[in-house]
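Chain identifiers are assigned alphabetically (A, B, ...) following the order of the sequence lines, protein sequences preceding nucleic acid strands; residue numbering begins at 1 within each chain.
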Amino acid sequence: MTLENRNLVTIDDLSNGEILSLFSLADEMAGDMTAQYDICRGKIMASLFFEPSTRTRLSFEAAMHRLGGSVITASDVGASSLAKGESIADTAKIIGSYADIVVIRHPWEGAAKVVADYAGIPVINAGDGGHQHPTQTLLDLYTIIKERQSIKGLKIALWGDLKYGRTTHSLIFALARFGADILFCPSPGLGVPQHVIDKLVTEYGGEVKSLDDSIKNSNETLVPVDAIYTTPNSPHQLAMMPDFSVQVELKGGVDALYVTRPQKERFTDKEQGDGKNTQYPVVDKKLLEAKAFRRSLVMHPLPRVDELAVDVDADERSMYFKQAARGVPVRMALLAAFLGLKETRIPPVESPVLPQYPGYRQEPVPICPNPHCVSIQKTETKYLKPEYKIVKTEPLTLRCVYCEHGFEPKYIASTEGYEHKTDGKKYHSANSHWAKDIKPENLIVFSSEEEARALGFTPSHFVGGHH
Amino acid sequence: MTLENRNLVTIDDLSNGEILSLFSLADEMAGDMTAQYDICRGKIMASLFFEPSTRTRLSFEAAMHRLGGSVITASDVGASSLAKGESIADTAKIIGSYADIVVIRHPWEGAAKVVADYAGIPVINAGDGGHQHPTQTLLDLYTIIKERQSIKGLKIALWGDLKYGRTTHSLIFALARFGADILFCPSPGLGVPQHVIDKLVTEYGGEVKSLDDSIKNSNETLVPVDAIYTTPNSPHQLAMMPDFSVQVELKGGVDALYVTRPQKERFTDKEQGDGKNTQYPVVDKKLLEAKAFRRSLVMHPLPRVDELAVDVDADERSMYFKQAARGVPVRMALLAAFLGLKETRIPPVESPVLPQYPGYRQEPVPICPNPHCVSIQKTETKYLKPEYKIVKTEPLTLRCVYCEHGFEPKYIASTEGYEHKTDGKKYHSANSHWAKDIKPENLIVFSSEEEARALGFTPSHFVGGHH
Amino acid sequence: MTLENRNLVTIDDLSNGEILSLFSLADEMAGDMTAQYDICRGKIMASLFFEPSTRTRLSFEAAMHRLGGSVITASDVGASSLAKGESIADTAKIIGSYADIVVIRHPWEGAAKVVADYAGIPVINAGDGGHQHPTQTLLDLYTIIKERQSIKGLKIALWGDLKYGRTTHSLIFALARFGADILFCPSPGLGVPQHVIDKLVTEYGGEVKSLDDSIKNSNETLVPVDAIYTTPNSPHQLAMMPDFSVQVELKGGVDALYVTRPQKERFTDKEQGDGKNTQYPVVDKKLLEAKAFRRSLVMHPLPRVDELAVDVDADERSMYFKQAARGVPVRMALLAAFLGLKETRIPPVESPVLPQYPGYRQEPVPICPNPHCVSIQKTETKYLKPEYKIVKTEPLTLRCVYCEHGFEPKYIASTEGYEHKTDGKKYHSANSHWAKDIKPENLIVFSSEEEARALGFTPSHFVGGHH
């Protein structure tokens with residue numbers, strides 16, 4: 001089967017089977033890295049980095065060169081066309097006429113989707129703001145599978161900055177899809193964002209359980225855990241303790257400890273001042289002596305700063321340099337497959353069916369409240385029509401199709417309300433029982449009462465405390 | 001025939017026949033873009049960008065990669081050797097010993113000529129300040145010819161910033177050479193510079209007619225036109241109206257509307273404050289409903305900002321993304337031809353014979369008054385001897401061979417005056433009748449009376465108002 | 001014989017025979033530069049420039065492309081991973097898993113050694129701060145040999161900034177090894193650093209003679225010389241004069257005049273103010289009329305600023321553009337040899353045997369006093385254990401294995417002193433007779449008396465003026 005002309009914007013763009021088929025191809029590539037140089041002969045990869053990233057960029061470029069392809073690179077884009085005020089969509093169209101495949105990193109969340117929408121050639125997201133970094137997730141999964149054969153039923157602990165680390169967001173969904181249990185071990189105040197938790201529960205099933213102070217102490221060796229995600233039907237084996245952070249005892253031990261660095265460059269000013277950095281937990285040789293970590297793979301997307309001690313490097317459990325090295329064959333597989341130059345064999349594996357959410361179809365179209373979303377940027381609003389999925393009704397939640405942030409509109413109405421009834425155009429509180437009765441195709445949302453009134457709506461009985 | 005070892009510094013470096021032969025080669029390249037990768041095997045293109053330009057740079061690099069060649073890139077040159085005070089000429093000599101062909105973009109006008117003078121390998125100008133950008137012109141011409149078969153007799157409207165847009169300067173000369181009529185539709189205050197108009201008239205013949213308020217109104221659909229250039233023997237079909245900008249009725253319609261963005265980065269402080277930007281005319285779907293534009297190709301060198309609305313993109317008249325795409329085969333043709341790896345067949349087509357102007361040969365050699373000219377830059381004055389052509393005698397006008405800016409010296413003298421006569425060394429006003437009587441080889445020019453006197457000259461009767 | 005998997009961190013990493021064998025290979029490459037493109041097919045060179053350097057980077061990249069290999073480039077590294085706080089060692093490990101060979105330029109002295117220690121693939125130093133730039137030295141030697149067949153017995157004058165010009169430091173050692181006499185002609189205040197002089201004398205033998213004011217004038221044509229290095233057994237032919245700089249008469253003339261630019265970017269603030277730049281001696285056509293320079297090769301590593309006049313360019317003695325051009329085949333030879341893709345034939349030539357110095361083995365390990373040394377940088381101290389060689393006992397001198405700076409500890413002790421004797425732990429002045437009696441393996445050094453006391457040592461009789 002072919003993956004020709006596919007995009008990889010989020011990890012959801014590939015089914016479990018497709019991912020595994022890419023890993024088989026990566027195995028083939030890794031078998032003799034310097035013998036693949038005829039596969040992409042005459043093809044051009046555009047490497048567009050609107051944010052500096054030596055590591056990821058060079059990994060992709062090395063992958064393309066190993067395949068014998070050519071690379072055109074813009075790692076200084078910030079300084080050139082963008083400065084002239086060009087939209088990402090224009091850039092995408094033009095690069096699409098120069099190259100055969102695009103790799104894009106951009107600070108705006110959803111930017112890779114825009115490029116995919118306009119380039120007309122396959123697009124690979126190499127990181128879009130705090131949104132996703134799906135090829136990092138692929139090499140993380142590939143590493144776990146190379147070391148443990150399968151992901152199903154493994155216990156994977158995520159450690160550190162789970163708030164801003166986009167690599168962990170993609171990884172969380174992927175681990176859930178492959179049936180792992182996930183232990184969240186955040187640095188204080190840097191927990192997994194709610195929209196990630198929400199998506200995890202609604203789309204991949206299973207359960208997220210916050211572990212709080214009431215949880216009992218156990219005398220066994222402990223891992224500081226803040227919450228745990230268990231895939232459907234996975235048996236719980238928890239015994240916990242109250243602490244400044246809660247603790248969980250893991251009889252079977254942690255299969256992998258995924259460490260992340262504090263993403264200081266994304267911290268708010270308040271977080272900078274907070275000492276979030278100085279309280280950051282360090283993984284070192286001593287910590288790894290804990291029974292729970294006896295057989296843990298120690299992973300890290302790199303670069304590391306101080307959160308992962310150098311004394312772990314020589315330990316056979318350390319995987320991070322292997323992860324980096326494996327990025328090259330994984331990216332080779334992706335490039336060759338998306339360019340249609342290598343077939344892939346999809347193994348017979350189940351992939352969770354993701355729910356198909358209805359779209360929001362009425363006016364007014366809300367403005368995405370995520371300040372980093374591509375859809376609200378000045379150069380892009382000429383092009384992009386914001387789009388939302390209605391992902392929940394209680395509370396009513398819309399999700400931006402670009403940055404995938406969810407938000408809860410405060411006021412709603414229905415097109416049916418005034419088309420078929422006589423009582424005129426009424427608006428309601430979104431948390432009234434009305435919300436879930438309105439058919440998605442009829443739903444109207446307002447960001448404020450002022451907006452509703454300006455559009456000719458009047459408050460219904462179901463508007464709380466209007467003034 | 002071969003174009004091996006040629007340079008492309010200005011569009012004048014190629015005859016009409018040579019341009020058309022390159023377009024045939026571009027057609028061949030475009031026929032199968034991914035099948036040309038043996039042509040430049042083993043060859044190296046140096047891509048030197050002293051100004052950021054993702055688009056042009058990547059287009060050239062994609063072209064070289066499509067041909068199977070290699071690329072060495074310096075897009076950060078400003079920060080390195082230049083910062084160490086190296087002259088362009090030294091850089092050119094060294095790069096000339098590394099690569100087989102050079103593509104250069106530089107903020108100084110005339111810089112590409114310096115590189116061509118010293119590199120010892122073919123040099124292509126990818127934009128030198130406000131001077132020229134000849135490969136952009138080639139792809140513009142190529143696009144018009146692909147869509148309209150020929151340029152002769154077409155009416156091409158140039159729209160927007162005609163003052164700072166170097167792409168339009170090269171284009172104007174090329175259109176004139178191929179026999180088009182050109183309608184100038186500048187944004188207020190951003191008209192075509194006088195030196196461009198002058199060159200147009202003196203070198204390509206034809207007529208430039210400024211359209212002013214006295215021109216009569218017509219009731220037909222109108223285009224705001226400031227001036228019109230008509231090639232020799234081209235019939236005039238004008239009826240105009242007074243307006244804040246004058247108007248011209250075009251019975252046959254405009255064949256192409258070439259839109260440019262405001263080159264804000266080159267605006268003077270005064271122009272920045274002037275609102276030149278806010279008054280900038282926008283081309284959108286509505287404007288294109290005018291009868292005159294019914295069959296117009298809508299062109300733009302890109303990047304665009306707000307002057308060309310997104311709603312035009314889906315229109316079949318929109319050409320700008322096609323232009324960008326066609327840049328790759330055009331540049332492939334150029335690279336292959338200049339490297340001597342592809343023969344070209346010159347069609348039997350007339351090319352206007354450009355006048356051969358006499359050079360200025362005497363001392364003192366004036367300093368070029370263009371502050372962006374390469375010849376006056378500190379690092380270059382060690383190397384470069386300023387050179388001028390005497391392009392006009394009334395008023396006496398010298399043109400710098402580097403930046404091609406013309407200027408009118410105020411005071412003159414003749415070597416004959418004091419060699420053969422008895423009345424000593426006299427200097428005159430340049431606007432006296434003397435000016436046109438002095439043989440070019442005898443002409444001496446002074447920037448001031450002080451200079452003339454310091455060199456031992458005394459004023460003649462033909463010096464007005466000296467004090 | 002093969003040079004596969006070798007590193008080139010300092011020029012000492014290659015024997016004289018190996019250097020000559022690389023030059024034979026370079027001759028082969030230079031014979032047909034565009035015919036070598038199958039040698040490195042499928043191989044990747046990583047070009048990591050943590051300091052801007054268009055010339056050197058493009059020379060290496062051109063070399064790899066001429067060999068048919070691929071290149072991944074980071075010329076903006078300062079802005080990316082480093083900014084995230086990553087250590088050079090981590091970067092090296094990761095790049096080592098992407099590429100087949102690394103070329104590294106870095107502002108920290110010793111950085112290339114760190115990369116070589118961790119990358120796991122061959123590493124070539126393209127300049128590490130003020131330390132070394134060995135490939136520049138190779139192309140300098142190659143040029144001299146191409147023009148003069150051999151280096152032995154030649155008189156090579158080094159001119160200008162001998163303090164900060166790292167190219168001259170590598171060159172000095174190489175010239176000494178090949179048996180040249182070296183005339184030091186520094187710009188006032190920019191003489192050869194003492195640690196270079198020290199290494200020259202102790203490791204390569206011969207003699208460095210400072211020429212002072214007492215030296216007598218000669219009427220013959222003169223070269224301003226500050227000091228002269230003569231290889232062992234080389235006959236002296238000196239007659240000198242007092243002057244603002246001393247002078248030496250050279251009956252046989254200077255074989256090569258190696259000019260360097262003022263490395264202003266490394267000047268201290270004081271030196272900036274000092275007018276070191278304005279007093280900088282200029283080499284021009286007139287200077288070269290001196291009898292001593294009649295047959296001198298005029299060399300320069302480039303870029304030049306004002307110290308080497310343009311009027312020399314046309315002179316047949318001028319070698320600097322040839323040097324630059326020859327850098328490409330020399331680097332091709334190096335890349336092909338280190339990648340194991342070309343055998344080299346080592347000619348039967350003597351190479352001076354460098355002394356093997358004992359290492360410093362005890363605690364405390366001193367901190368290298370060179371502020372540019374890689375070993376003291378915040379990101380690196382997690383990784384690197386400082387290491388020193390004991391290169392001299394009078395005065396006691398330790399040399400950092402990274403930056404090769406030497407320094408003289410003030411206070412010492414011996415492990416024997418308190419292990420076998422009864423008078424407790426005593427420390428001494430380093431300049432006491434004790435220093436040379438302590439066996440290297442027992443030596444303890446202290447940076448201050450406070451440190452010694454804090455570690456439980458008390459002053460012996462051999463501590464001068466403690467208070």
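- Of the listed residues C/A324, C/A63, C/A35, C/S59, the one with more heavy-atom pairs under 4.5 angstrom with chain B than any other is C/S59.
- Residue C/T167 is tested with C/H300, C/Q263, C/Q136, C/Q132 for a side-chain contact (heavy atoms from CB on, under 4.5 Å); the sole match is C/Q136.
- In this structure, C/Y142 and C/F23 have tilted ring planes: the angle between them lies in the 30° to 60° band.
- With sequence neighbours left out, C/S318 forms a side chain to side chain contact (heavy atoms under 4.5 Å, CB included) with C/V312, C/Y320.
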Derivation and outcome, side-chain contact (heavy atoms from CB on, under 4.5 Å), residues B/E51 and B/R105: CA-CA 6 Å; B/E51 267 190 337; B/R105 166 163 295 193; 3.7 Å; yes
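- With chain B as the partner, the residue from C/G327, C/A325, C/A309, C/S70 showing the most heavy-atom pairs under 4.5 Å is C/A325.
- The residue among B/D90, B/I95, B/D100 with the most heavy atom pairs within less than 4.5 Å of chain C is B/D90.
- Neither the backbone nor the side chain of C/D311 comes within contact range of chain B; no heavy atom of the residue lies under 4.5 Å from a heavy atom of that chain.
- Of the listed residues (C/L58, C/D313, C/L67), the greatest number of heavy-atom pairs within a distance under 4.5 Å of chain B belongs to C/L58.
- The local environment of CD1 in B/I367 is sparse, with at most 12 non-hydrogen atoms from other residues, nucleotides or ligands closer than 6.0 Å.
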